[in-house]
Protein chains: 2
Amino acid sequence: MRESDICEIRNLPIFADMAESAFARLHRGAYVQTFPPQVDLFHEGEASDFLHVLTAGQVELFATWNRRETTMEIVTPVSSFLLAATIQDAPFLCSARTLEKSRVVLLPSENVRDVFDEDRAFARAVVRELAASYRGVVKSSKNIRLRSSIERLANYLLRYQDLAGGAESFALPLEKRKIASLLGMTPENLSRALRTLGEYGVQNDGQSITICDRGPLLRLAKPARLIDDPSS
Amino acid sequence: MRESDICEIRNLPIFADMAESAFARLHRGAYVQTFPPQVDLFHEGEASDFLHVLTAGQVELFATWNRRETTMEIVTPVSSFLLAATIQDAPFLCSARTLEKSRVVLLPSENVRDVFDEDRAFARAVVRELAASYRGVVKSSKNIRLRSSIERLANYLLRYQDLAGGAESFALPLEKRKIASLLGMTPENLSRALRTLGEYGVQNDGQSITICDRGPLLRLAKPARLIDDPSS
DNA sequence: CTAATCTCTTGACAATTATCAAGTGAACTT
DNA sequence: AAGTTCACTTGATAATTGTCAAGAGATTAG
């Protein structure tokens with residue numbers, strides 16, 4: 001593992017506060033891999049021998065059943081993923097593939113479990129990270145259960161406008177078919193929903209979205225802190 | 001807090017391995033409450049000052065948005081709930097109400113966070129419990145995203161037949177409208193789905209379900225370890 | 001440059017799911 | 001015992017969502 005990779009992940013909340021010696025034990029035997037786009041990293045059901053940290057690129061976590069597939073989450077740098085499977089030493093519930101050229105740091109799961117017992121700061125950070133992930137999935141579940149697809153889309157657009165600094169126009173961060181899958185709908189349905197949102201002040205051209213007036217969209221979306229705010 | 005309550009929760013995996021002194025610090029200032037059925041315990045958005053442990057009865061965790069409501073989980077004894085909110089010191093994402101007369105042990109959240117830092121066995125148990133909860137929500141999310149309502153119902157029935165020891169006939173563990181809400185469907189829809197399952201060997205009379213032949217139902221439900229097995 | 005591939009869009013249609021209204025039967029209240 | 005309430009069921013209908021097919025436009029490979 002190169003010095004630059006070590007530095008990069010060291011600043012993550014999950015590693016930031018731990019002792020240097022514990023961090024060294026954690027990344028002993030770790031390695032880094034670079035993948036081209038559209039590569040499968042692992043498949044659901046496999047054993048999770050490494051905690052993964054994405055340092056560059058984009059990774060999709062998806063699940064399959066009966067020839068159906070759904071996007072569970074998009075991982076963006078710099079963040080860890082698969083913490084729960086690592087802790088439990090249990091098989092992955094999701095599969096993963098790169099969407100862009102990606103760089104992944106792999107920390108042996110055994111190290112994670114060992115150092116968890118030895119370093120309090122790390123233990124605290126791990127449990128906080130896990131609690132945050134848990135709350136993230138619960139929010140996503142509420143989103144799917146309580147809202148129709150057009151309501152989910154409206155909230156998605158508002159969130160990404162905020163992330164884009166509130167600019168009237170911004171680019172969608174993903175292919176539309178991935179957005180559709182993430183929102184639990186078909187690409188056809190997404191296409192039609194975007195047209196319908198024209199009546200609510202949303203203009204769409206390719207990957208570009210323009211929201212001329214947030215008012216109508218907000219009245220439709222009714223964003224709620226306990227569903228849409230990632231920090232609460 | 002009475003001696004019997006202390007014993008009861010002490011045997012939970014989350015408390016079983018910790019030192020006696022740590023356990024004592026944990027339940028200092030704890031108390032126990034008994035609630036009649038249909039009582040609201042707390043509402044989403046409120047601060048989580050206590051880790052809850054249900055020792056008797058049944059509690060529903062539900063979420064609301066825009067006058068809609070959905071059941072997120074049914075808590076059965078003996079188990080803890082609200083661990084993630086406790087750890088993060090963050091507001092509840094769900095509301096809770098009793099479905100039966102229930103007994104709840106309340107452990108101050110501050111104690112949980114403090115003892116987490118002091119007792120390794122407890123820290124390990126907390127993180128494992130949280131990881132298990134996380135994986136539970138992910139499975140539930142896969143269930144909702146990848147399956148139609150009748151497929152979810154078919155899997156639900158098969159699971160409860162197993163829990164009932166595999167007997168041909170067994171009683172539903174909840175009111176049908178709660179089952180409907182848990183499965184993300186309306187009561188009307190559940191009623192019709194149960195009729196449809198008649199073609200798959202399911203007989204229903206009130207709270208009683210009889211599955212004369214699991215074959216057809218299994219072919220419809222296609223249960224998967226990574227969605228339906230709570231232990232994997 | 002051309003052909004092939006792929007995403008996105010649109011239309012027609014089908015399946016799924018929800019809503020509204022009414023009726024039945026059981027449990028509970030007075 | 002009679003009345004009330006409530007869960008559940010059923011029918012009719014509407015809304016939502018998915019499927020299939022075809023075509024436009026962009027990108028990529030040769």
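Just so it is clear, the structure is predicted and the values come from calculations on it, not from any experiment. So that the names make sense, note that chain A is the first sequence line, chain B the second, and so on, each numbered from 1.
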Which part of the nucleic acid does B:N204 contact within heavy-atom distance under 4.0 Å: base, sugar-phosphate only, or nothing? sugar-phosphate
Using whole Å, what does the distance between atom P of nucleotide D:dT17 and atom CZ of A:R145 come to? 16 Å
Look at the side-chain N and O atoms of A:T186 and state whether any lies under 4.0 Å from the OP1 or OP2 oxygen of D:dG18. yes
Distance under 4.0 Å to a non-hydrogen atom of chain A counts as contact; along DNA chain C, which nucleotides mark the start and end? C:dT7 to C:dA12
B:H52 vs B:F81 aromatic rings, parallel, tilted or perpendicular, using cut-offs 30° and 60°? tilted
Residue A:E188, side-chain heavy atoms: nucleotide from D:dA7, D:dT10, D:dC20 that is nearest: D:dC20
With a 4.0 Å cut-off, would you call B:E151 and A:R68 a salt bridge? yes
Intermediate values then yes/no, side-chain hydrogen bond (donor to acceptor under 3.5 Å, both in side chains), A:T64 and A:E44: CA-CA 8 Å; A:T64 54; A:E44 57 183 277; 3.1 Å; yes
Atom-pair distance (CD on A:E69; P on D:dT19), nearest Å: 13 Å
Does A:N189 have a side-chain nitrogen or oxygen under 4.0 Å from the phosphate oxygens OP1 or OP2 of D:dT17? no
Output the rounded distance in Å from NZ (A:K176) to C1' (D:dA26). 13 Å
Kindly state which residues belonging to residues 192-200 of chain A come within less than 4.0 angstrom of DNA chain C, counting heavy atoms of the residue only, listed by number. A:R192, A:R195
Could you check how far CG of B:L172 sits from P of D:dA7, rounded to whole Å? 16 Å
